[in-house]
Amino acid sequence: MTPSELEQKAERAVRRGELLVALEHFDAYLAQQPDDERIRTRMEAVRALLQPSELVSRRRAEPEEADPKAEPASSAEVGEMHASSGRFAEAAESYERAVDADPQNDLLRERLEELRALAHPRRKADLGAGEKLEAAPAASITAERSARAHAASFAPLPVARPLPREPKEMLEELLTRVRSGRRG
């Protein structure tokens, strides 16, 4: 990797907040160009941003590129990828608008490319390989029952008597309506 590419990767990592990754890229740059004071100064500025707890563990939490010897994704992971692709596509559309508004922002453009890759999974869903579920037996429903249910659902409600003015009679009428489950 050329020194300019290493510098670009380091600056991207700084913008993302991945300071340990940025320091690794700056180290690699300085291994190729040990006399570059500008990069040494920048590296010290980035190191000053680190918290003491981050300096204790200098190992990266996750590799930058996928391990080629890694196991293939399980069917559950592939399914989750396909299910999530719609959400990633929506996010990519938002980032496209942001990139259109600020075309000079490299970080937005980089995130947009990441989202586009996630929005379109590498493999198509293999529906034939999925777990076969037993079909539930179809319930035997007669047309007569369906017609009765429909008529009951949309039958006009009986006209309720007006409530009496006397409090005791009004309460009795309301309780009767509650028991019978009708409104009025």
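Computed over heavy atoms, backbone and side chain alike; hydrogens, waters and symmetry mates excluded.
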Task: Donor-acceptor pair, side chain of R47 and main chain of L23, under 3.5 angstrom - done: no

Exercise answer: donor-acceptor pairs, residues 92-99 side-chain atoms, under 3.5 Å, sequence neighbours excluded:
from: S94; atom 1: OG; to: E90; atom 2: O; distance (Å): 3.4
from: S94; atom 1: OG; to: R97; atom 2: NH2; distance (Å): 3.4
from: E96; atom 1: OE2; to: R116; atom 2: NE; distance (Å): 3.4
from: E96; atom 1: OE2; to: R116; atom 2: NH2; distance (Å): 3.0

Open item on the list: Tell me the closest heavy-atom pair linking Y29 and D36, and the distance in Å.
Closed with: OH-OD2, 2.6 Å

TODO: Taking all non-hydrogen atoms of both residues into account, name the closest pair between V21 and A13 and its distance.
DONE: CG1-CB, 4.0 Å

Only counting residues at least two apart or in another chain, list the ones meeting side chain to side chain donor-acceptor pair (under 3.5 Å) with [X].
{"X": "S4", "value": "T2"}
{"X": "Q104", "value": "none"}
{"X": "R165", "value": "none"}
{"X": "R12", "value": "E110"}

Task: Step-by-step salt bridge (Lys or Arg N to Asp or Glu O under 4.0 Å) determination, R109 to E113 - done: CA-CA 6 Å; R109 188 170 292 119; E113 293 307 316; over 6 Å; no

Open item on the list: Apply side chain to side chain contact (heavy atoms under 4.5 Å, CB included) to residues L50 and L20 and explain how you reach the verdict.
Closed with: CA-CA 8 Å; L50 284 172; L20 293 175; 4.0 Å; yes

Task: Salt-bridge contact E11-R16 (side-chain N to carboxylate O under 4.0 Å) - done: no

Open item on the list: Pair R38, Q33 - check side chain to side chain contact (heavy atoms under 4.5 Å, CB included), show working.
Closed with: CA-CA 11 Å; R38 181 180 58 83; Q33 305 280 330; over 6 Å; no

Task: Rounded distance (nearest 0.5 Å) linking atom CZ of R42 with atom CD of E37 - done: 15.5 Å

Open item on the list: Quick check for you: to the nearest 0.5 Å, what is the distance between Q32 atom CD and E7 atom CD?
Closed with: 12.0 Å

Task: salt bridge (Lys or Arg N to Asp or Glu O under 4.0 Å) involving E166 - partner list, sequence neighbours excluded - done: none

Output all residues satisfying side chain to side chain contact (heavy atoms under 4.5 Å, CB included) with [X], sequence neighbours left out; order by chain, then residue number.
{"X": "E172", "result": "K168"}
{"X": "A91", "result": "L115"}
{"X": "L174", "result": "L163, M170"}
{"X": "L30", "result": "I39, R40, M43"}

